[in-house]
Amino acid sequence: SFNRLSKLGASVVPTWSRVLLGVPGSRLLMANVPEAAQADALRRQFAEYGVAPDRLSFVPRLPLADYFALHHEVDLLLDTFPYTGGTTTQHALWMGVPTVTLTGPRRSERISTANLARAGLEDWSVSSTEAYVARAVAAAKDIEGLAALRAGLRERILTTPLCQAGTVARSLEAAW
């Protein structure tokens with residue numbers, strides 16, 4: 001997860017723990033964890049749900065180029081909830097990394113869902129924590145499918161309206 005820590009809702013750590021425990025040998029890399037005390041607190045929280053500390057890695061806020069390069073170190077992103085990623089999800093898609101997200105009724109719970117839908121990845125957006133765990137575990141275990149998806153994700157993003165300068169310009173003109 002590359003989202004800010006302030007976006008972690010109360011049920012995120014228990015849900016992510018279920019994902020980790022469902023995929024033996026998996027690890028969770030969390031970026032934007034600025035202080036050792038925050039990392040230690042997260043290790044304690046995950047330990048309450050049976051996740052060993054050595055399965056967790058924490059990285060502080062990075063310069064943009066290093067942040068983008070960090071996407072090459074992960075297979076998929078686990079989105080936070082109820083405050084989902086916006087720019088974080090767009091960055092991940094651009095870097096070829098799909099994001100599992102939990103959608104909800106409020107705008108703050110639907111931003112990643114909208115980003116994923118634009119990329120044709122509606123099946124990465126789920127409506128319950130049970131479905132979130134199942135989707136993340138299935139994706140993490142399907143290494144070949146994940147690799148195939150990742151290989152063509154940037155090209156897919158390039159065909160979306162957000163990457164079509166003319167479409168964006170006409171939409172802005174119409175709005176103005």
Any side-chain donor paired with an acceptor under 3.5 Å for R110 and T103? yes
If you measure from CG on D40 to CG on L42, what distance do you get to the nearest 0.5 Å? 9.0 Å
Is it the case that over 12 heavy atoms from other parts of the model lie below 6.0 angstrom from the CZ atom of F46? yes
N115 side chain vs G86 backbone, donor-acceptor pair below 3.5 Å: yes
Report yes if the side chains of W16 and V133 come closer than 4.5 Å at any heavy-atom pair, otherwise no. no
Would you mind reporting whether R135 and W124 have side-chain heavy atoms less than 4.5 Å apart? yes
I need the L21 CG to Y49 OH distance, nearest 0.5 Å. 12.0 Å
For W94, which of L153, L158, T89 qualifies under side-chain contact (heavy atoms from CB on, under 4.5 Å)? L158
From the options N3, T99, T88, select the one residue that forms a side chain to side chain donor-acceptor pair (under 3.5 Å) with D79. N3
If you count the non-hydrogen atoms of other residues, nucleotides and ligands that lie under 6.0 Å from CD in E144, is the total more than 12? no
Interatomic distance, Q45 atom CD to L56 atom CG [nearest 0.5 angstrom]: 10.5 Å
Taking all atoms of both residues into account, what is the closest heavy-atom pair of C163 and I157, and its distance? SG-O, 3.4 Å
With side chain to side chain contact (heavy atoms under 4.5 Å, CB included) as the criterion, how do N32 and L5 come out once you've worked through the C-alpha distance, each side chain's angles and the decisive distance to 0.1 Å? CA-CA 7 Å; N32 294 312; L5 291 180; over 6 Å; no
Over all atoms of both residues, closest heavy-atom pair of G9 and P82: CA-CD, 3.8 Å
Listing request: all salt bridge (Lys or Arg N to Asp or Glu O under 4.0 Å) pairs with a residue in residues 47-74, at least two apart in sequence or in separate chains. none
If you look at every heavy atom in A139 and L76, which pair is closest and at what distance? CB-CD2, 3.7 Å
Note: D75 and P98 closest approach over all heavy atoms is O-CD, 4.0 Å
Would you check, one step at a time, whether the test side chain to side chain contact (heavy atoms under 4.5 Å, CB included) holds for M95 with R150? CA-CA 8 Å; M95 294 304 295; R150 290 188 60 162; over 6 Å; no
Is any side-chain heavy atom of M30 closer than 4.5 Å to one of L8? yes
May I ask you to say whether R170 pairs ionically with E173, meaning some side-chain N is under 4.0 Å from a carboxylate O? no
In sequence, state the C-alpha distance, the side-chain angles, and the governing distance for Y83 and S6, and then conclude on side chain to side chain contact (heavy atoms under 4.5 Å, CB included). CA-CA 9 Å; Y83 304 101; S6 60; over 6 Å; no
Return yes if some donor-acceptor pair links the side-chain N/O of S26 with the main-chain N/O of L20 below 3.5 Å, else return no. yes
What about the rings of F68 and H72, do their centers lie closer together than 6.0 Å? no
Answer yes or no: does atom CZ of R156 have more than 12 heavy-atom neighbours from other residues, nucleotides or ligands under 6.0 Å? yes
Please tell me if the side chains of L116 and T101 come closer than 4.5 Å, counting only heavy atoms from C-beta onward. yes
Going through the distances and angles, do L62 and L70 end up as a side chain to side chain contact (heavy atoms under 4.5 Å, CB included)? CA-CA 9 Å; L62 299 169; L70 195 60; 3.9 Å; yes
Are any of the side-chain heavy atoms of V51 and V13 separated by less than 4.5 Å? no
Correct closest heavy-atom pair for S125 and T113 would be OG-OG1, 2.8 Å
Less than 4.5 Å apart, side chain to side chain, heavy atoms only: is that true for H71 and F2? yes
Does the side chain of F81 reach to within under 4.5 Å of the side chain of S112, using non-hydrogen atoms? no
Are any side-chain N or O atoms of T84 and backbone N or O atoms of T80, one a donor and one an acceptor, separated by less than 3.5 Å? no
Does a side-chain heavy-atom distance below 4.5 Å link V100 with L77? no
Minimum heavy-atom separation for L78 to A136, with atom names? CD2-CB, 3.8 Å
Examine L28 and I143 and state if one hydrophobic cluster contains both, with Ile, Leu, Val, Met, Phe, Trp and Tyr joined whenever side-chain heavy atoms are less than 4.5 Å apart. no
